[in-house]
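Each chain gets a letter, A, B and so on, in the order the sequences are listed, and its residues count up from 1.
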Amino acid sequence: MIAVIDYGCGNLTSLAESLRRLKVRFRVTADPSEIGSSDGVILPGVGHFGHAVDMIERLELRPIILDSVAKGVPLLGICLGMQLLADWSEEAGEGAKGLGLIPGVVRNIGGLGVSSLIPHVGWNELRFVNPSHPMAMEVAEGRDVYFVHSYAVVLADQIHLVGVTHHDVELVAAIAKDHVWGVQFHPEKSSSVGHRVLKNFVDSLSC
Amino acid sequence: MLKRRIIPLLLVEGPNLVKGKGFDNWRRVGTLIPAINVQNSRDVDELVIVDSGATKQDRGFDFSILSQARGRCSVPLTVGGGIRSLEEASILIQEGADKVLVGSSCVTSMRLVSQIAERFGSQAVIVSVDARREGANVSCWSHGGTKRLEVHPVERGLQAVQAGAGEVLVNSIDRDGEMNGFDIEIMGQMARELLAPVIAAGGAGSVRDVVDLFDQAPVAAVAVGSLFQFTEATPRSIRSALAVRGHPVRSTD
């Protein structure tokens with residue numbers, strides 16, 4: 001069973017529909033015991049980094065998520081959920097601690113050199129820096145996926161970089177450290193390519 | 001690089017899919033669910049569904065449209081028509097819409113646009129600007145082309161972007177359903193003057209019309225109704241033609 005964490009940050013209907021199409025058992029939940037007993041965890045999210053951290057603390061989800069990861073349970077962070085895997089974000093300041101599962105900082109893409117449209121919204125290419133990663137299985141190079149974001153992860157160690165996209169500058173689009181994966185784009189909105197990325201995550205579970 | 005988008009525009013009244021000419025002369029052209037399934041299987045870039053009866057009948061957006069659409073759409077979904085308050089917009093977004101399209105409720109003030117942008121981000125709100133060519137002049141309209149506004153479409157587009165709209169959907173009323181090409185002049189002017197992506201609608205009758213539009217106006221996307229309803233054109237055939245001309249388009253299977 002996959003736990004899709006519902007912490008009040010974004011609508012989960014599309015993600016739930018995508019998982020239904022994959023015929024995988026899942027539950028949209030904020031219940032610590034359900035999350036703690038799941039075989040895989042998806043951390044979605046849109047909105048403000050600081051608000052998301054507040055909600056995670058208020059629902060006492062941080063220790064549950066960290067325990068699951070420590071036990072080896074696969075975790076997929078989507079969009080803001082990927083940014084929460086990092087240490088902190090410029091959007092909320094260093095006081096709002098991310099989960100610290102993949103070392104890095106979240107920065108405004110304007111400061112990273114994006115001079116055209118912010119937020120970066122629309123279909124853009126996903127280029128795999130690490131095409132042998134299981135996330136990239138049967139996803140052709142340079143396929144388009146759907147992005148909506150104003151902030152992006154800057155990794156401390158490039159070894160965790162899986163994929164990038166180009167919007168004036170190169171932006172981190174996919175990251176992974178062991179069984180913790182993150183994608184900046186929305187697989188549930190990215191048609192067949194997104195479906196395949198979600199399937200690759202589901203296939204990585206041991207259930 | 002961000003891709004030029006091809007967006008089917010579905011107009012709905014009750015369970016029916018409708019299509020008009022010049023924002024009038026409506027006729028039934030099908031039903032909603034099969035139309036969504038067809039568009040989703042054709043791998044469109046996004047989908048826009050408008051409850052075209054809502055403003056006319058002075059009622060809110062028909063929520064049953066969203067419940068029919070949301071599970072069938074694996075690309076971003078925009079809904080519009082009759083959205084009058086932040087509460088209505090919030091419910092639609094929380095229930096599965098990625099963006100809402102507003103227009104007639106923002107005639108005297110763009111407050112609703114600001115409210116939606118503040119709560120959900122600018123990417124969640126599109127403002128519809130309806131333009132009608134009258135010789136050398138272009139006028140701006142609301143309420144399905146029945147209320148004339150004392151403002152130029154460019155000015156209204158600028159107000160929308162200033163208020164926080166992430167995109168502006170420009171409809172040319174006199175081209176709607178005519179299938180004789182876009183009003184490239186107004187689309188080009190809007191796209192050059194607004195600091196936000198412009199979605200052009202009204203007049204697409206052939207793949208060539210869409211290519212001509214992108215060749216001559218820096219719009220971000222095109223919304224089409226009749227072209228997909230009454231011709232053999234598909235998102236794929238449009239993308240192929242655009243790619244030949246060097247426009248960035250999405251790669252699909």
Side-chain angles (χ1 to χ4, degrees), chain A residues 6 8-22 46-48 51 79-80 91 114 116-127 138-151 165-171 185-196 198, chain B residues 1-7 39-47 66-67 69-78 90-99 117-126 161 164-167 194-199 218 220-221 235 239 248-253:
Chain A
D6 179 9
C9 293
N11 96 67
L12 305 175
T13 50
S14 303
L15 182 58
E17 199 53 45
S18 300
L19 294 171
R20 230 166 263 137
R21 277 193 214 116
L22 284 167
V46 294
H48 193 276
H51 175 67
C79 196
L80 179 60
E91 190 174 19
V114 172
S116 48
L117 201 63
I118 297 175
H120 172 224
V121 183
W123 293 89
N124 207 339
E125 283 147 56
L126 173 62
R127 301 222 164 266
E138 288 187 28
V139 180
E141 177 70 8
R143 294 296 299 273
D144 293 290
V145 288
Y146 193 77
F147 290 90
V148 182
H149 63 121
S150 300
Y151 290 80
T165 192
H166 199 92
H167 184 57
D168 294 333
V169 294
E170 212 159 75
L171 298 172
F185 55 91
H186 285 270
E188 75 280 15
K189 291 285 164 191
S190 297
S191 196
S192 57
V193 179
H195 183 80
R196 183 66 217 195
L198 280 178
Chain B
M1 181 181 240
L2 287 171
K3 301 302 167 12
R4 304 282 181 265
R5 289 166 287 151
I6 315 297
I7 307 173
Q39 299 305 343
N40 197 53
S41 69
R42 282 172 158 188
D43 212 358
V44 298
D45 297 328
E46 294 185 34
L47 194 60
L66 181 62
S67 52
R70 62 182 178 194
R72 295 184 163 82
C73 190
S74 57
V75 295
L77 173 67
T78 299
S90 300
I91 293 170
L92 291 169
I93 291 172
Q94 279 152 11
E95 293 296 316
D98 296 286
K99 316 178 191 186
E118 272 161 31
R119 185 168 304 177
F120 297 103
S122 64
Q123 83 290 337
V125 55
I126 306 178
V161 175
E167 294 171 90
L194 305 188
L195 291 169
V198 163
I199 305 168
R239 282 193 201 108
V249 287
R250 216 178 117 214
S251 56
T252 46
D253 296 319

Chemist: Which bit of A:Arg20 is near chain B, if near means a heavy-atom gap under 4.5 Å: side chain, backbone, both or neither?
Modeler: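 Contact with chain B: none, neither part.
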
Chemist: Please report the closest heavy-atom contact between B:Leu77 and B:Leu66, naming both atoms and the distance.
Modeler: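 Where B:Leu77 meets B:Leu66 most closely, the heavy atoms are CD2-CD1, 3.8 Å.
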
Chemist: Which one, B:Arg4, B:Arg5, B:Gln123, leads in non-hydrogen pairs under 4.5 Å with chain A?
Modeler: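 Max contact count across the listed options: B:Gln123.
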
Chemist: Which bit of A:His120 comes within less than 4.5 Å of chain B, counting heavy atoms only: side chain, backbone, both or neither?
Modeler: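 It is the side chain, since no backbone atom gets that close.
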
Chemist: Contact part of B:Arg72 toward chain A, heavy-atom cut-off under 4.5 Å: side chain, backbone, both or neither?
Modeler: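 B:Arg72 touches chain A through backbone heavy atoms alone.
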
Chemist: By a 4.5 Å heavy-atom criterion (distance strictly below it), what part of A:Glu188 contacts chain B: side chain, backbone, both, or neither?
Modeler: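 Only the backbone of A:Glu188 comes within 4.5 Å of chain B.
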
Chemist: A side-chain contact here means heavy atoms from C-beta on lying under 4.5 Å apart; do A:His149 and A:Pro119 qualify?
Modeler: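 The answer is no; the side chains never approach within 4.5 Å.
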
Chemist: Donor-acceptor check, side chain of A:Arg127 to backbone of A:Arg143, threshold 3.5 angstrom: yes or no?
Modeler: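 Judged by distance alone, no pair lies under 3.5 Å.
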
Chemist: If I compare all heavy atoms of B:Asp45 with all of A:Trp123, which pair ends up nearest, and what's the gap?
Modeler: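 Heavy-atom minimum between the residues: O-NE1, 2.8 Å.
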
Chemist: Please classify the contact of B:Arg250 with chain A as side chain, backbone, both or neither, using a heavy-atom distance under 4.5 Å.
Modeler: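 Backbone plus side chain of B:Arg250, per the 4.5 Å heavy-atom cut-off to chain A.
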
Chemist: Under 4.5 Å heavy-atom distance to chain A, tell me which part of B:Ala97 shows up: side chain, backbone, both or neither.
Modeler: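 Only the backbone of B:Ala97 comes within 4.5 Å of chain A.
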
Chemist: Please give me the minimum heavy-atom distance between B:Val75 and B:Val44, naming the atom from each residue.
Modeler: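 What the structure gives for the nearest pair is CG1-O, 3.4 Å.
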
Chemist: With a 4.5 angstrom heavy-atom cut-off, which part of B:Glu167 approaches chain A: side chain, backbone, both or neither?
Modeler: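 For B:Glu167, no heavy atom lies under 4.5 Å from chain A.
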
Chemist: Return the minimal non-hydrogen interatomic distance between B:Arg70 and A:Thr13, and the atom names on each side.
Modeler: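 In terms of heavy atoms, the two residues are closest at NH1-CG2, 4.2 Å.
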
Chemist: Checking ring pair (Phe, Tyr, Trp, His ring centres under 6.0 Å) for the pair A:His186/A:Tyr146: CA distance, chi angles, key distance, verdict?
Modeler: CA-CA 6 Å; A:His186 285 270; A:Tyr146 193 77; 7.1 Å; no

Chemist: At a heavy-atom distance under 4.5 Å, which candidate from A:Gly47, A:Gly122, A:Ser14, A:Ser191 has the highest pair count against chain B?
Modeler: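 Looking at each option in turn, the highest pair count goes to A:Ser191.
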
